[in-house]
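Please read the structure below before turning to the comments.
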Number of protein chains: 2
Amino acid sequence: MESTRQPGGRGRRRPRQSDIARVAGVSQTTVSLVLRGTTVGMSLARETRQRVLDAAERLGYVPDPVATRLASADNAMLGLYSFSATFPTDVAHSYYPILVGVEEEAAAQGQDLILFTGSSRTGTGAGDPASVRRVRVADGCLFFGRHVPEEPIRRLVEDGFPFVYIGRRDEPDVPYVGADYVSASAGVMARLAAAGHRKVRYLREHDQAPASGDREEGVLRGARAAGGATAGLVVRTDGTDLDALLRDWLAEGVTAVVVEQTDTGAALSGLGAAIERAGLSCPRDLSLAVLGAPVGARGRAPGGGAVFSGFDVPMREMGRDAVRLLLRLIAGEEGVRTRRLLPCEPVAGGTVAAPRRE
Amino acid sequence: MESTRQPGGRGRRRPRQSDIARVAGVSQTTVSLVLRGTTVGMSLARETRQRVLDAAERLGYVPDPVATRLASADNAMLGLYSFSATFPTDVAHSYYPILVGVEEEAAAQGQDLILFTGSSRTGTGAGDPASVRRVRVADGCLFFGRHVPEEPIRRLVEDGFPFVYIGRRDEPDVPYVGADYVSASAGVMARLAAAGHRKVRYLREHDQAPASGDREEGVLRGARAAGGATAGLVVRTDGTDLDALLRDWLAEGVTAVVVEQTDTGAALSGLGAAIERAGLSCPRDLSLAVLGAPVGARGRAPGGGAVFSGFDVPMREMGRDAVRLLLRLIAGEEGVRTRRLLPCEPVAGGTVAAPRRE
DNA sequence: GAGTTTCGTTAATACGTATTAGAACCTTGA
DNA sequence: TCAAGGTTCTAATACGTATTAACGAAACTC
């Protein structure tokens, strides 16, 4: 690729501090001092300052983020690195609200966002250490995605580069902002028990992410607390025939199903379709609770336009909080709580009712 | 702020090329040549090369991406500036597929994206000239959003800053990648006429964007070509009572309605609701065509799960193509077609049928 | 009026890598 | 023996900004 800074022909080269210096009749150092805000002990004549500012304005100067960064300063840019595609192609892009929150808070804090792309490409591999290292052009970086290579993250920790993970992590020393899936999931089980359900099944996908493990732990904890039967509680959906599963459950006297909500939402949509195919209605024949309401699925519950019962994942707030935490880390603040779990809002919804009496 | 590069106390400084050079007993230049792969005309002794590689391996060298970018005069960063919020909060974020396309192509081309939020740091509005000028931190920039302040754009053109608008623009000298709404809309009218419709109405929102104007022009052109009645063809929805409108249309013998699809999709959803309230079915009682199928509205057509008839806006491809065009502009290529209109895919759909015979 | 402080500015350098223009040495051919 | 050419490497510099040390001039002290 041709150099950006030597555009052939018409296009003017982008102005740098030395250009301003020439126009204003001062040195590059002075320009830097004026634009950067004087360091302690430095003072500049008001008139000189104004001349520099005018020249900068006239030339349309904007600092080069890379050079600024190399000279070791902050450039008001936060990185955003996703281990899956940042903008997923399928409709159920469950991460979208996180982006909204990140953008909101970044804008409010006067930070721009650098979206690091290519993290999902097969060629370099998502966790390619060299790929992750790019994030250093930013002052700090947010990471998200369910599956994360540990090696590059460890490197960043060693180097002392400020970053925050969106979603709970097991590795020590990794700052994160996550959701308290354990409590929220236990709460869902408690509400099912309170509604009278004694035989409940938990449908989750085959997944190793912490977010999945936390939900399962919460469900099991809630089941124990409710004293209900827990044998065979958990079922994974890899290749399962959901229609057969549903029949078996009903035959066994299962009155409620808890479904994990993941990126794809495959388990939920699959089960919903099975319920409709069986000619059943929810919550009349079967109560349904969802752990983390799917973003696009409002009013899509089988057999009506009800909102799913369960809880809401505070994705937007996670995004916002992650930005705030990252900025404090960048600022080098002491005593910041670097591992945070946000509470999930319970959703009463319309897909859970008392079990039908035979 | 603490420097990232001086990890306090024990942590050893990251090795750089000069460290390798010292260990291997060569110059920094040689290290760079070895690690980067020799440039044309350069040759290195196999033995030297190996010594350097060994030293690099032993020291755990990883190139500093910031320095690399500064030295190669290529930040590999494209800007993305939206005149509305980059990540709209509401569900019908019709721009989303554009983002998908932009990210895909940027990743494929090894470019990162800088997202500008409009109101940054200065706290000024989205269209503020000072705000727009900030995009110059990137090598080039993509713009999108229906309503655009012209002044800052003109300024960028003057300065020769490479940028591409996503969506057609009227201003001369503004490179863009848009969709050919005129042809596509005319095509929809032609298909309606071919299906036997003689009395058609066009419902659009009150809007000044080129995308709206193009659709109207296409509809009118298509109507003329079909020789149908065009009097009172166009109706705008600002505050209109859609139920009354619908009644009138049916009384007049209107058999098909063409609806413009915009950001909000208000016209379409409003009309759909009116049709359902009137107890009518589509396409039995009224054919419905949409100019640019709404992203989230698949299977939401009134009275059934049909796909809307009309055309698809190739948003993803627009995003990809815009990135490609921008990179060619940045490279200073000559003879690039800088104003492109992409064809829209016709969608047969299920909401258009032959008019009902009385 | 010599010494000290303060003010306003700049020269020099650092950051880590890429690239260009040779230097030093060796081989070859006449 | 000398010029021509090739091979292997390095010195110097560029990239654009931040920072430190220092300098000249003016203002103050005694």
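Values below: all heavy atoms of this structure, side chains included; hydrogens, waters and symmetry mates excluded. Residue numbering restarts at 1 for every chain, and letters A, B, ... go by the order of the sequence lines.
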- On DNA chain D, nearest-nucleotide positions of A/Pro15 versus B/Arg46: which is more 5'? B/Arg46
- Going by atom types alone, do B/Thr30 and B/Ser27 pair a side-chain donor with an acceptor below 3.5 Å? yes
- Item | Value in whole Å for how far the P atom of C/dT20 lies from CG of B/Leu33 | 11 Å
- Task: Note down the inter-axis angle between the two ends of the helix from C/dG1-D/dC30 to C/dA30-D/dT1, five pairs each, to the nearest 10°.
- Result: 60°
- Query: How close or far is atom C1' of D/dC15 from atom CZ of A/Arg69, stated in whole angstroms?
  - Reply: 17 Å
- B/Phe116 and B/Tyr81 aromatic ring geometry - parallel, tilted or perpendicular at 30°/60° bounds: tilted
- Query: Once you round it to whole Å, what is the distance between P of C/dA18 and CZ of B/Arg36?
  - Reply: 5 Å
- Message: Both A/Ala67 and B/Ala45 contact DNA chain D. Taking the nearest nucleotide for each, which residue is further toward the 5' end?
- Response: B/Ala45
- Query: Tell me: CG of B/Leu35 to P of C/dG16, nearest whole Å?
  - Reply: 16 Å
- Does A/Arg69 come within less than 4.0 Å of A/Asp64, counting only side-chain N to carboxylate O? no
Below 3.5 Å is the cut-off: list the nitrogen or oxygen pairs between protein and nucleotides 11-14 of chain C, distance only.
unit_1, atom_1, unit_2, atom_2, d
C/dA11, N6, A/Thr29, OG1, 2.9
C/dA12, N6, A/Thr29, OG1, 3.3

- Note on the structure: Closest non-hydrogen contact found for A/Arg339 with A/Arg169 is NH2-O, 3.5 Å
- Query: When we call it a touch if two heavy atoms are under 4.0 Å apart, what does A/Val26 touch: a base, just sugar-phosphate, or nothing?
  - Reply: sugar-phosphate
- Message: Please give me the minimum heavy-atom distance between A/Arg14 and A/Pro63, naming the atom from each residue.
- Response: NH2-O, 3.6 Å
- Euclidean distance, atom CZ of residue A/Arg22 to atom C1' of C/dT10 [Å, nearest integer]: 17 Å
- Provide, to the nearest angstrom, the distance between the CZ atom belonging to B/Arg49 and the P atom belonging to D/dT8. 10 Å
- Query: Please give, in whole Å, the distance from C/dT17 C1' to B/Asp64 CG?
  - Reply: 8 Å
- Which residue pairs pass the salt bridge (charged side-chain N to carboxylate O under 4.0 Å, His left out) test with at least one member in residues 53-62 of chain A, sequence neighbours excluded? A/Glu57-B/Arg133
- Task: Please check the phosphate of D/dC9 (OP1 and OP2 only) for any side-chain N or O of B/Thr48 closer than 4.0 Å.
- Result: yes
- State whether A/Ser32 places a side-chain N or O below 4.0 Å from either non-bridging phosphate oxygen (OP1 or OP2) of D/dT17. no
- May I ask you to say what A/Thr30 touches in the nucleic acid, namely base, sugar-phosphate or nothing, with a heavy-atom cut-off under 4.0 Å? base
- Message: Minimum heavy-atom separation for B/Ala55 and B/Val23, please, with both atom names.
- Response: CB-CG1, 3.8 Å
- Item | Nearest to side-chain heavy atoms of A/Gln17, which nucleotide of D/dA18, D/dT10, C/dC15 | D/dA18
- With sequence neighbours left out, write down each residue that passes salt bridge (charged side-chain N to carboxylate O under 4.0 Å, His left out) with B/Glu105, or none if nothing qualifies. B/Arg320, B/Arg324
- Query: In whole angstroms, how far is the P atom of D/dT7 from the CD atom of B/Glu47?
  - Reply: 18 Å
- Those residues that, when tested against B/Phe161, pass ring pair (Phe, Tyr, Trp, His ring centres under 6.0 Å) (two or more places apart): none
- By ring pair (Phe, Tyr, Trp, His ring centres under 6.0 Å), which residues pair with A/Tyr176, not counting sequence neighbours? none
